[in-house]
Amino acid sequence: MRARIAVLASGRGSNLKAILEYLDGSSGHDSYEVAAVISNKSDAPVLELARSGNIAAFAIDPSTDGEGAELLGLLDRNRIEIVALAGYLKKIPRPVVAAYPGRMLNVHPSLLPAHGGTGMYGIRVHEAVLSIGDSETGVTVHMVDTEYDRGPIVAQWRVPVLPDDDAHSIASRVLAVEHILYPRTIDIVAALYNLRSDN
Ligand code: GRF
């Protein structure tokens with residue numbers, strides 16, 4: 001049995017690609033499938049990536065979906081059981097968070113709680129790591145709540161900051177780890193979900 005997941009993303013979709021490659025290449029890692037991809041931007045490359053893999057792809061307009069009724073409707077109609085945010089830059093409305101307790105994940109490119117919260121995305125995260133002089137950074141997968149980057153942490157992976165690093169070299173080292181950690185963490189959450197649903 002495979003849990004149906006939706007990936008929510010605003011941009012290029014390298015994490016979606018990593019998830020799809022993981023599912024394609026894995027032997028026996030079949031606790032989930034990507035059943036839908038949803039973006040807040042109709043021209044986001046991640047939607048094209050989804051369509052090229054024959055995955056249902058949708059754009060929503062969060063500015064007219066304050067309480068998330070449209071988003072929730074999409075998730076319901078596509079029978080989504082687990083939601084994985086991957087670079088989704090909008091806050092998830094409370095009713096949608098409430099509908100997926102312990103079943104909505106996010107990946108963040110730092111060791112939360114360091115360098116998270118409003119406005120902390122993209123290269124800014126790594127610039128903050130450098131400006132503080134941290135000797136390590138990393139990747140965090142956490143459950144989503146109604147504040148950015150705040151829910152319970154599910155998995156973390158440390159990444160060293162090297163003497164010659166700039167924000168871009170850190171970004172690529174961290175992203176490579178996201179691509180390993182996120183598909184596998186979703187797998188564990190989905191496997192637990194499937195066990196519970198069997199009973
Ligand atoms: C990733 O760095 C992720 O940690 C953050 O947004 C970025 C999304 O990248 N939340 P991509 O679109 O998956 O390439």
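As the structure lists them, so they are numbered: ligands from 1, and atoms in each ligand from 1. What you see is a predicted model, and the numbers here were worked out from it, not measured in a lab.
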Exercise. Can you find an N or O of Leu175 that's nearer than 3.5 Å to an N or O of ligand 1?
Worked result: no

Exercise. What about Leu16: any of its N or O atoms under 3.5 Å from an N or O on ligand 1?
Worked result: no

Exercise. Do other residues, nucleotides or ligands put more than 12 heavy atoms under 6.0 Å from the CD atom of Glu136?
Worked result: yes

Problem set entry | Nearest heavy-atom neighbours spanning His179 and Arg184 | O-NH1, 4.2 Å

Exercise. Which of the atoms in ligand 1, numbered in the order shown and given with their element, are less than 4.0 Å from a heavy-atom of Arg12?
Worked result: 9 (O), 11 (P), 12 (O), 14 (O)

Problem set entry | Shortest protein contact, atom 10 (N) of ligand 1 (heavy atom only) | Val107 O, 2.9 Å

For this session: State, to 0.1 Å, how close Leu20 and Ile55 come at their nearest heavy-atom pair, and which atoms those are.
Result: CD2-CD1, 3.6 Å

For this session: Output, in order, the C-alpha distance, side-chain angles, deciding distance and verdict of side chain to side chain contact (heavy atoms under 4.5 Å, CB included) for Ile92 and Tyr100.
Result: CA-CA 11 Å; Ile92 304 296; Tyr100 286 87; over 6 Å; no

Exercise. Is it true that Glu147 and Lys91 have a side-chain N and a carboxylate O under 4.0 angstrom from each other?
Worked result: yes

Exercise. Mind checking whether Asn106 has an N or O less than 3.5 Å away from an N or O of ligand 1?
Worked result: no

Exercise. Which heavy atom of the protein is the closest neighbour of atom 2 (O) of ligand 1, given with residue, atom name and distance?
Worked result: Glu178 OE2, 2.9 Å

For this session: For atom 12 (O) of ligand 1, grab the closest protein heavy atom and report residue, atom and distance to one decimal in Å.
Result: Gly13 N, 2.9 Å

Exercise. Nearest heavy-atom pair of Lys90 and Tyr148: which atoms, and what distance?
Worked result: C-OH, 3.8 Å

Exercise. Should Arg124 and Glu127 count as an ion pair when the cut-off is N to O under 4.0 Å?
Worked result: no

Seminar exercise, completed: for atom 6 (O) of ligand 1, nearest protein heavy atom and its distance come out as Gly87 CA, 3.2 Å

Exercise. Looking at ligand 1, does Ala9 have a heavy atom less than 4.0 Å from it?
Worked result: no

